[in-house]
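Comments concern the structure below.
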Amino acid sequence: MARRKLTQEWLREVLDYDPLTGLFTCLVNRRKARKGDLAAKPSATSPYLYVSIGYRRYLAHRLAWFYVHGEWPPELDHRDRNKKNNVITNLRIATRSQNNYNRGRSIKNTSGFKGVTWHARRNKWQAQIKISKGYKYLGVFETPEAAHAAYVEAAKVGHGGFARTE
């Protein structure tokens with residue numbers, strides 16, 4: 001049996017999306033969900049919410065975009081980095097690089113500042129930033145705060161509205 005392609009019309013027949021809360025609710029009884037139930041469910045293996053329609057799972061934030069704009073986005077970014085916050089104003093189209101610019105500090109980070117590492121040979125703090133596919137070296141500094149200040153300035157220029165400095 002061929003799967004039915006999801007259209008905006010079909011989506012609006014089975015689900016309601018509230019752009020102010022980011023929540024999907026069922027408009028009709030479905031397999032395990034009843035009319036009025038929340039449709040988006042968390043996954044055990046992913047930080048995102050999913051919605052099942054027609055035996056297929058969709059990322060809730062992509063469905064929200066499709067519901068409102070009628071087109072599938074190439075890639076979306078959550079402005080506040082909360083992957084469960086699917087309020088339409090929290091979503092924006094982004095490239096993969098822009099989406100990565102909006103990431104927080106790495107869990108491996110030991111300096112406490114994004115873009116700052118210890119340069120053992122020089123006994124100083126080093127700052128660097130990733131722009132597109134490469135790293136840009138910003139120099140070495142006496143303190144991690146000074147290195148981070150250089151990172152912040154470079155992020156404002158290189159990452160624009162997607163700059164995340166903490």
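The cationic atom of Arg92 (NZ for Lys, CZ for Arg) lies less than 6.0 Å from the six-membered ring centre of Phe162 and within 45° of the ring axis.
In plain terms, the two heavy atoms of Tyr137 and Gln128 that are nearest each other are CA-CB, 4.2 Å.
Tested against Glu75 for a side-chain hydrogen bond (donor to acceptor under 3.5 Å, both in side chains), the candidates Gln98, Arg62, Arg96 yield a single pass: Arg96.
Classified by interplanar angle (parallel below 30°, tilted 30° to 60°, perpendicular above 60°), the ring pair Trp72/Tyr58 is parallel. Using cut-offs of 30° and 60° on the angle between ring planes, the pair Phe24 and Tyr67 is perpendicular. Between Trp65 and His69, the ring planes are tilted. Angles from 30° to 60° get that label.
A continuous path of hydrophobic side-chain contacts links Val28 to Leu6 [ILVMFWY only; heavy atoms under 4.5 Å].
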| task | Apply side chain to side chain donor-acceptor pair (under 3.5 Å) to the pair Thr95 and Ser97, showing each step before the final yes or no. | result | CA-CA 5 Å; Thr95 64; Ser97 292; 4.8 Å; no
| Derivation of the side chain to side chain contact (heavy atoms under 4.5 Å, CB included) call for Tyr17 and Val68 | CA-CA 8 Å; Tyr17 169 71; Val68 172; 3.6 Å; yes
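No more than 12 heavy-atom neighbours from other residues, nucleotides or ligands sit within 6.0 angstrom of CD on Glu9.
Between Lys124 and Glu142 there is a salt bridge, since a side-chain N of the basic residue sits under 4.0 Å from a carboxylate O of the acidic one.
Here the CG atom belonging to Leu76 is positioned 9.0 Å from the CG atom belonging to Asn86, to the nearest 0.5 angstrom.
Side-chain contact of Asn102 with Arg164: a donor-acceptor pair under 3.5 Å is present, judged by distance alone.
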